[in-house]
2 protein chains.
Amino acid sequence: MSDQQSIFTCGLHATLALIGSKWKPLILTFLGQKSRRYGELKRSVRDASDKVLIQHLKELEADGLIVRTDFGEVPPRVEYALTPFGESLVAALKPLCSWGEENRTEIEASKVASRTRRIPVNHPMA
Amino acid sequence: MSDQQSIFTCGLHATLALIGSKWKPLILTFLGQKSRRYGELKRSVRDASDKVLIQHLKELEADGLIVRTDFGEVPPRVEYALTPFGESLVAALKPLCSWGEENRTEIEASKVASRTRRIPVNHPMA
DNA sequence: CTGGATCCTATAAGATACTG
DNA sequence: CAGTATCTTATAGGATCCAG
């Protein structure tokens with residue numbers, strides 16, 4: 001009667017603590033295709049500022065989902081890649097990617113229709 | 001050469017447009033277990049204020065993921081349930097729930113360790 | 001090229017009080 | 001019970017400028 005109570009209400013809740021930031025799911029998915037340099041990531045995730053992108057990358061690294069490799073070259077060259085842990089998460093993310101692909105048209109229609117509102121996306125804990 | 005460009009960079013991006021709000025994934029998952037009345041939902045999602053909870057419920061309904069049934073009784077009785085569309089999304093959400101369950105301990109440890117920071121979770125578009 | 005440091009604000013979300 | 005209406009605030013995220 002001790003470890004039964006978690007700070008999370010369920011597994012999903014826990015997962016959201018790791019990927020519940022605006023660009024994290026996208027970053028992870030992109031890295032799932034292949035390791036990428038900072039610049040590539042920036043172009044892929046487009047719309048994320050340097051500050052936010054780096055901030056997310058650091059958190060992902062701190063959470064053991066990705067690894068940063070600094071080649072110590074000049075000019076600078078850094079590469080980000082998934083850890084096995086991160087890969088397992090990306091695998092779990094796949095269904096959502098597929099679901100989105102399959103229903104993209106529908107989703108897009110309703111979202112565009114309803115006056116292109118921004119999008120929030122906050123989440124529990126972290 | 002026209003419908004090839006979407007407002008979304010990928011399927012995941014589109015999905016996030018629907019569930020990228022703090023409590024939506026949780027709400028959907030709870031409804032995936034069974035239809036629930038407002039009060040039940042409120043207790044399940046705990047920590048979400050009435051305002052936010054209702055707001056999210058309305059958006060989910062507008063997006064065709066859930067349906068609201070008002071029994072027109074006194075005292076009021078309203079029930080929320082998943083639509084088939086919503087069910088398909090919940091199914092795609094399952095892997096993330098499982099992943100979170102499996103790694104809950106790890107996640108919790110790192111999250112608690114790093115000074116229990118809040119959690120953001122915004123996301124692209126909507 | 002890869003970031004660090006600041007400044008700024010939009011807005012999601014929380015708190016409270018109230019109503020049919 | 002199931003919301004609505006306000007008010008307020010936290011903070012995630014964006015923009016810019018700078019630096020090794």
Side-chain ion pair, Glu40(A) and Lys34(A), N-O less than 4.0 Å: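 So Glu40(A) pairs with Lys34(A) through a salt bridge.
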Ion pair present between Glu101(A) and Arg104(A), side-chain N to carboxylate O less than 4.0 angstrom? yes
Nucleotide [N], atom [atom2] - distance to [atom1] of [X] in whole Å:
| X | N | atom1 | atom2 | value |
| --- | --- | --- | --- | --- |
| Ile27(A) | dA12(D) | CD1 | P | 15 Å |
| Leu41(B) | dG3(D) | CG | C1' | 13 Å |
| Lys22(A) | dT9(C) | NZ | C1' | 13 Å |
| Lys58(B) | dA5(D) | NZ | C1' | 11 Å |
| Leu53(A) | dA15(D) | CG | P | 13 Å |
| Ile54(B) | dT6(D) | CD1 | C1' | 15 Å |
| His56(A) | dG13(D) | NE2 | P | 4 Å |
| Gln55(B) | dG3(D) | CD | P | 14 Å |

Worked check of side-chain contact (heavy atoms from CB on, under 4.5 Å) between Leu18(B) and Lys24(B): CA-CA 8 Å; Leu18(B) 295 187; Lys24(B) 288 182 184 176; over 6 Å; no
Heteroatom pairs (N/O) under 3.5 angstrom, protein to nucleotides 15-20 of chain C:
none

Enumerate the ring pair (Phe, Tyr, Trp, His ring centres under 6.0 Å) contacts for residues 61-96 of chain B, please, sequence neighbours excluded, ordered by first and then second residue. Trp99(A)-Phe85(B)
Within this structure, what is the CD1-OG1 distance for the pair Ile107(B) and Thr15(A), rounded to the nearest 0.5 Å?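 Here the interatomic distance stands at 5.0 Å.
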Write out all pairs satisfying side-chain hydrogen bond (donor to acceptor under 3.5 Å, both in side chains) with one or both partners inside residues 64-75 of chain B, taking only residues at least two apart or from two chains. Arg68(B)-Asp70(B), Glu73(B)-Arg77(B)
Would you mind telling me which of dA2(D), dA13(C), dG13(D) lies closest to the side-chain atoms of Val78(B)?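 Looking only at heavy atoms from C-beta outward on Val78(B), the closest nucleotide is dA2(D).
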Please determine, for the side chain of Tyr38(B), which listed nucleotide (dC1(C), dA13(C), dG3(D)) has the closest atom? dG3(D)
Base, sugar-phosphate alone, or nothing: which one does Phe71(B) contact when heavy atoms must sit under 4.0 Å apart?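 Contact class for Phe71(B): none.
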Pro95(B) versus Ala92(A), closest heavy-atom pair with distance: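 Closest pair (atom of Pro95(B), atom of Ala92(A), distance): CB-O, 3.6 Å.
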Phosphate OP1/OP2 of dA2(D) contacted by Arg77(B) side-chain N/O (<4.0 Å):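 No.
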